[in-house]
Amino acid sequence: MITTRFAPSPTGYLHIGGLRTALFSWLWARKNGGKFLLRIEDTDMARNSEEATKAIIEAFDWVGMEYDGEVFYQSKRFDIYKEYIDRLLSEGKAYKCYMSKEELDALREEQMARKERPRYDGRYRDFTGTPPAGIEPVIRIKAPIGGMITFVDGIKGEINIASSEVDDFIIARSDGTPTYNFVVAIDDALMGVTEVMRGDDHLYNTPKQIVVYNALGFELPRFSHLAMINNEQGKKLSKRDGATDVMEYKTAGFLPEALLNFLLRLGWSHGDQEIFSIDEMKSLFEPSHISKSSSCYDLNKLLWLNSHYIKETPNEKLVEMLKDFGVDLSKDSRSNNILHATKERGKTLVELASQINLIIQQPTEYNEKDMKKAIKEDTVDILKDFSKLLAESRATLLTPLDYHHALESFVSQKEIGFGRIGQPLRVALLGSMSGAGLDEIMNILGVDESVARIDKLISII
RNA sequence: GACCCUUUCAUCUAGUGGCCAAGGAUGUUGCGUUUUCAACGCAGACACAGAGGUUCAAAUCCUCUAAGGGUCGCCA
């Protein structure tokens, strides 16, 4: 049985990189019919926030990644950790360290000066004397002194780190609360996690956690470290790069499928395939095709995917989603026609909404350049004649094709080029010279509204 | 500074010694289609970081160099 987990710390919103890690873990569990757990790493009481936890769960809901069972909170599991700390203490595998923070800092500086990798020197490892007064000790675990700590990373292959690089790290703070590297190992082992997938930035935590696994006699899971996602300049993604919060994508009008598909292809591949439905992801995902190198965030590709998924989405669903973007077509009998005319011209729901608004709302302003280009001396006359024609043939104008014919016969009767009517008409209907097909637009608007818009333009020429 | 990781078009990537004078996708350029814009279709430009090996044969294996990234907390 495969069990994976996503274990964020609740210090802020869910980051796009975190979502990718979660996605990979989720897919791997689903592909194998295993379990995907969500565990909140909130051992540092000073830093947690409940809102952050909520935000993370909200983001999971939005993208549709469901976790198995209840959410685990490490802050509710302190009793368990305490037991293991006591056990290690009594077995002599951990010890109390009375070094003060000042002493620690001094040691680090010294080591840096000597160009060494700073680490605890083990001075209380075998201490038997009387402890200094007035100091609440921390508890440190005994890491191996010589040799190598080796593990096979699921993505990078064999990793060797000298034991001398791993110091006797703290497993419990002086206030008694346990620390990250200790509780992660315990929880992953206790929860039966078989595949630990996490960011590259955790690579150096792995040997530490292996120390814990070994001290407690737990079986090791497979560790897989995902390379980071960089910004478009190739630097680490930061808040300055704009949308790093998953929920910002919702507000920006992205579809969850598009975001997941984008993230999936960022660092993972299945031959030449670019488009993956959620079901395909679940059946095709395979960690051996995760790439070792870090990748850059590419907004263009996300936009392309998003427009693809907008086109794929059934109208009824789009109508629902558009409500969040200020457009309610649910009671509009023209909704299918409107979406047909606009669906292909929005890369995001925000853009789609504004395209729709262009049609359903009378123009309040007209693009100046287009006005100049479209309006000639005889434009008013042409528009007047055309609006007359519309009014007269009202009874026969029932489909876009009817409007199309009306336009055609108007042009041939008047012996003018199509642009003479087409361009100003477009400005009249939409306020600018780009947008959906004229016949489609007029069909949606109907004769009265079309005429009204033409009259409105005439009045300001 | 020490330790670890990475390196194919601008970007995401295919590629596991001969199928590669390197394939797909995004973006970009041109053309077509269209009443405009978009969408769509077709075509073009663009890459194996560098240097040495190993081999009949290297993008693929080895060594070094360079460039990026990560980690060095009583944070996670």
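In the text below, chain A, chain B and the rest are named by the order of the sequence lines, each starting its count at 1. Because the structure is a prediction, the values reported are computed rather than measured.
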(message) Can you see if the side chain of Arg426(A) gets near the phosphate of U35(B) - specifically, an N or O under 4.0 Å from OP1 or OP2?
(response) no

(request) Counting Watson-Crick and G-U wobble pairs only, both distances under 3.5 Å, name the nucleotide matched with A38(B), or none. (result) none

(request) Taking atom P in both U8(B) and C4(B), compute the distance separating them and give it to the nearest angstrom. (result) 22 Å

(request) Provide the distance between the two P atoms, one in U60(B) and one in C19(B), to the nearest whole Å. (result) 13 Å

(request) Give a yes/no verdict on base stacking between A14(B) and His289(A): centres under 5.5 Å, planes within less than 30° of parallel. (result) no

(message) When the C1' atoms of A57(B) and A21(B) are compared, how many Å lie between them, rounded to an integer?
(response) 15 Å

(request) Answer yes if the side chains of Asp402(A) and Thr399(A) hold a donor-acceptor pair under 3.5 Å, and no otherwise. (result) yes

(request) Could you work out the separation of A49(B) and C56(B) based on their P atoms and round it to a whole Å? (result) 25 Å

(message) Looking at every heavy atom in both Asn181(A) and Val212(A), which two are closest together, and how far apart are they?
(response) O-CG2, 4.1 Å

(message) What contact category does Gly199(A) fall into here, base, sugar-phosphate, or nothing, at under 4.0 angstrom with non-hydrogen atoms?
(response) nothing

(request) Take atom NZ of Lys156(A) and atom P of G69(B), then tell me their distance rounded to the nearest Å. (result) 14 Å

(request) May I ask you to decide whether Lys301(A) forms a salt bridge with Glu274(A), counting only side-chain N to carboxylate O separations under 4.0 Å? (result) yes

(request) Taking only Lys NZ, Arg NE, NH1 and NH2, and the carboxylate oxygens of Asp or Glu, determine whether Glu50(A) and Lys54(A) approach each other closer than 4.0 Å. (result) no

(message) Please give the distance between the P atoms of A25(B) and A43(B) as a whole number of Å.
(response) 10 Å

(message) Counting the atoms with a prime plus P, OP1 and OP2 as sugar-phosphate, which does His225(A) contact under 4.0 Å by heavy atoms, base, sugar-phosphate, or nothing?
(response) nothing

(request) Kindly indicate whether a cation-pi arrangement holds for Arg140(A) with Tyr120(A), taking the cut-offs as under 6.0 Å to the six-membered ring centre and within 45° of the axis. (result) yes

(request) Provide the Watson-Crick or G-U wobble partner of G18(B), both distances under 3.5 Å; none if there is no partner. (result) C56(B)

(request) Ignoring backbone atoms, test whether Arg265(A) places a side-chain nitrogen or oxygen under 4.0 Å from the OP1 or OP2 oxygen of A14(B). (result) no

(message) Using the C1' atom as the point on both nucleotides, what is the distance between G15(B) and U36(B), in whole Å?
(response) 44 Å

(message) Checking base pairs now: Watson-Crick or wobble, both atom distances under 3.5 Å. What partners A49(B)?
(response) U65(B)

(message) I want to check one thing: is the phosphate of G73(B), taken as OP1 and OP2, less than 4.0 Å away from some side-chain N or O of Lys101(A)?
(response) no

(request) Could you tell me whether the phosphate oxygens of A76(B), OP1 or OP2, come under 4.0 Å of any side-chain nitrogen or oxygen in Thr11(A)? (result) no

(request) Tell me whether the OP1 or OP2 atom of U36(B) has a side-chain N or O from Ser432(A) closer than 4.0 Å. (result) no

(request) Choose from A14(B), A76(B), G27(B) the nucleotide whose nearest atom is closest to any side-chain atom of Asp44(A). (result) A76(B)

(message) So, does Lys208(A) get its side chain near the phosphate of C72(B), meaning an N or O under 4.0 Å from OP1 or OP2?
(response) no

(message) For the P atoms, the ones on C9(B) and on A14(B), what distance do you get once it is rounded to whole angstrom?
(response) 12 Å

(request) Indicate yes or no: does Arg39(A) engage Glu41(A) in a salt bridge with an N to O separation below 4.0 Å. (result) yes

(request) For nucleotides G44(B) and A38(B), find the distance between their P atoms and express it as a whole number of Å. (result) 22 Å

(message) Tell me which nucleotide, if any, is Watson-Crick or G-U wobble paired with A76(B) when both distances must be under 3.5 Å.
(response) none

(message) Does G70(B) have its OP1 or OP2 closer than 4.0 Å to a side-chain nitrogen or oxygen of Ser294(A)?
(response) no

(request) Pick base, sugar-phosphate or nothing for Ala436(A), based on heavy-atom distances below 4.0 Å to the nucleic acid. (result) base

(message) Does the plane of the ring in Phe127(A) sit parallel, tilted or perpendicular to the ring in Tyr98(A)? Use 30° and 60° as the thresholds.
(response) tilted

(request) Would you mind reading off the distance between Phe262(A) atom CZ and G27(B) atom P, rounded to a whole angstrom? (result) 13 Å

(request) Assign each of Asp439(A) and Gln273(A) to its nearest nucleotide of RNA chain B by heavy atoms, then name whichever residue's nucleotide is nearer the 5' end. (result) Gln273(A)

(message) Heavy-atom nearest nucleotide on RNA chain B for Gly419(A) versus Glu344(A): which residue maps closer to 5'?
(response) Gly419(A)

(request) Once you apply the 3.5 Å cut-off to both distances, tell me the Watson-Crick or G-U wobble partner of A43(B), or none. (result) U29(B)

(request) Let me know the distance between CG of Leu14(A) and P of A76(B), rounded to the nearest Å. (result) 19 Å

